[in-house]
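These notes are about the structure you will find just below.
Numbering of residues begins at 1 and proceeds along the displayed sequence. Every heavy atom of this structure was used, including side-chain atoms; hydrogens, water molecules and symmetry mates were not.
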Amino acid sequence: MKIVIKNLEVWYNSVKALSNVSLEIVEGEMTFVIGPNGAGKSTLLKAISLLVSPKKGVVYIDGRDARLYSARELAKMVTYVNPYISKTIPSTVLEYLMTARYPHRNLLSFKEDKRDLEVIEKVSQQMNIAHLLNRRLDQLSSGELQRVIIARALIQQPEVILLDEPSAFLDLRYRLEILEYIKRITKTEGTVTIIAIHDLYLASLYADKVILLSNGSIVAYGNTEEVLKKEIIENIYGVRIAILKVNNKHIIAPIEPVKKVDCVRSD
């Protein structure tokens, strides 16, 4: 399984969100998409999952134009996780998680089977949300809801995992635990995992590959040491950073905004 993107261009009305994006993303690796606000991170994930339609270009999933898959076929293979869902959905956590199994069910079956419940139980235990299963979504904290949303994506058992800001609303421990778990799933199940994130520290800690976007275009793509270079990051983000070596990892530590020099007019 791999994702191949060729000459992708996406517009929102008269605003170009992605421009001439071409990539090849393989299974078994954590690929992080970084870049400033408005760089096109979320748009890239939505284009891969066909939530937005490109003006130009093609996304190939497992060697086939993604547009040629049926909605059911695509739902079995690809999951896109947006951390911002409404808590007012009239559902318990268990009912919400169960919806992730719909693409795998027999079309004539209206009841969950043993396999569905086994998958939900396993992921719920590993994501530390088993005690929440009978709670309503509107009774959850933002952090609890975020863990439930990510758990639902994994319960779907996709081959392509697209996570948009998975660390949003989570405290430090859960950020690390969830990314550790997703990395383990990526390696053991051989998924294509693409994560859009603002946190450069987490990206540098967990990424196998990094895509750096700015103004809808790719600035750099490669392993962490190739992309997370001091001069590149400081120029794109406008911040000073330190690069640390910790357990053979190339870790980014933002320090301060780059101070702009005011022009002084002399008469």
Side-chain angles (χ1 to χ4, degrees), residues 1-8 10 17-49 57 59 61 78 80-81 83 150 160-168 170 172 175-176 178-187 190-255 258:
M1 169 66 72
K2 66 180 177 180
I3 303 290
V4 176
I5 301 168
K6 293 188 176 180
N7 305 317
L8 199 67
V10 177
L18 290 176
S19 178
N20 196 32
V21 171
S22 294
L23 293 164
E24 183 172 312
I25 304 170
V26 300
E27 65 184 43
E29 294 185 341
M30 295 269 276
T31 300
F32 280 67
V33 187
I34 64 171
N37 289 340
K41 300 185 295 296
S42 296
T43 300
L44 178 59
L45 268 58
K46 290 177 180 178
I48 295 171
S49 59
V59 175
I61 299 177
V78 180
Y80 167 77
V81 180
I150 295 173
V160 179
I161 301 173
L162 308 172
L163 302 179
D164 200 343
E165 290 295 338
S167 61
L170 298 177
L172 183 57
R175 290 180 187 182
L176 299 177
I178 285 175
L179 288 174
E180 288 280 358
Y181 179 52
I182 293 169
K183 186 151 193 169
R184 186 164 67 250
I185 292 292
T186 300
K187 300 297 184 184
T191 63
V192 175
T193 301
I194 309 173
I195 300 174
I197 200 166
H198 280 98
D199 193 320
L200 295 181
Y201 167 72
L202 290 176
S204 61
L205 191 61
Y206 288 100
D208 295 303
K209 296 286 177 59
V210 179
I211 302 165
L212 174 58
L213 293 176
S214 181
N215 297 319
S217 297
I218 297 176
V219 176
Y221 175 43
N223 63 40
T224 54
E225 293 193 9
E226 291 172 330
V227 178
L228 300 179
K229 293 181 177 179
K230 184 177 176 66
E231 61 274 15
I232 295 176
I233 298 301
E234 290 187 344
N235 180 56
I236 295 297
Y237 281 87
V239 297
R240 300 195 188 284
I241 65 167
I243 298 178
L244 311 175
K245 285 288 186 180
V246 181
N247 295 330
N248 293 321
K249 293 183 181 292
H250 188 79
I251 304 299
I252 296 293
I255 297 174
V258 173

**Fill in**
With sequence neighbours left out, the residues meeting salt bridge (charged side-chain N to carboxylate O under 4.0 Å, His left out) with Lys209 are Glu29
**Item:** Set of salt bridge (charged side-chain N to carboxylate O under 4.0 Å, His left out) partners for Glu225, sequence neighbours left out
**Value:** Lys245
Gap between atom [atom2] of [Y] and atom [atom1] of [X] - 0.5 Å precision:
| X | Y | atom1 | atom2 | result |
| --- | --- | --- | --- | --- |
| Leu213 | Thr43 | CG | OG1 | 9.5 Å |
| Ile194 | Leu162 | CD1 | CG | 5.5 Å |
| Ile252 | Lys230 | CD1 | NZ | 9.0 Å |
| Asp199 | Ser204 | CG | OG | 8.0 Å |
| Leu170 | Ile178 | CG | CD1 | 4.5 Å |

Measure the shortest side-chain to side-chain distance between [X] and [Y] over non-hydrogen atoms and say whether it is less than 4.5 angstrom.
| X | Y | value |
| --- | --- | --- |
| Val210 | Asn223 | no |
| Leu23 | Leu8 | no |
| Val21 | Ile211 | no |
| Ile243 | Leu228 | no |
| Ile195 | Leu179 | yes |

**Message:** Could you walk me through whether Ile150 and Tyr181 satisfy the side chain to side chain contact (heavy atoms under 4.5 Å, CB included) test, starting with their C-alpha distance in whole Å, then the side-chain angles of each, then the deciding distance to 0.1 Å, before giving a yes or no?
**Reply:** CA-CA 11 Å; Ile150 295 173; Tyr181 179 52; over 6 Å; no
Contacts of [X] that satisfy side-chain contact (heavy atoms from CB on, under 4.5 Å) - sequence neighbours left out:
| X | answer |
| --- | --- |
| Lys183 | Met30, Lys187, Tyr206, Asp208 |
| Asn215 | none |
| Ser167 | Glu165, Arg175, Ile197, Leu202 |
| Val4 | Lys2, Lys6, Glu24, Tyr60 |

List the atom of [X], the atom of [Y], and the distance in Å for their closest heavy-atom pair.
| X | Y | value |
| --- | --- | --- |
| Ile34 | Ala203 | CG2-CB, 3.9 Å |
| Leu244 | Ala253 | CD1-CB, 4.3 Å |
| Lys46 | Ser49 | O-OG, 3.2 Å |
| Ser214 | Val219 | CB-CG2, 3.6 Å |
| Glu234 | Val239 | CG-O, 3.0 Å |

So does [Y] get a backbone contact from the side chain of [X], meaning a donor-acceptor N/O pair under 3.5 Å?
| X | Y | answer |
| --- | --- | --- |
| Lys41 | Pro36 | yes |
| Thr186 | Thr191 | no |
| Tyr80 | Leu163 | no |

**Request:** Show the numbers, then the answer: is there a side chain to side chain contact (heavy atoms under 4.5 Å, CB included) between Thr31 and Ile3?
**Result:** CA-CA 11 Å; Thr31 300; Ile3 303 290; over 6 Å; no
**Request:** Begin from the C-alpha positions of Ile251 and Leu205 and carry the test side chain to side chain contact (heavy atoms under 4.5 Å, CB included) through to its verdict.
**Result:** CA-CA 6 Å; Ile251 304 299; Leu205 191 61; 3.6 Å; yes
**Prompt:** So Val227 and Ile232, side chain to side chain contact (heavy atoms under 4.5 Å, CB included) or not? Walk me through it.
**Reply:** CA-CA 7 Å; Val227 178; Ile232 295 176; 5.6 Å; no
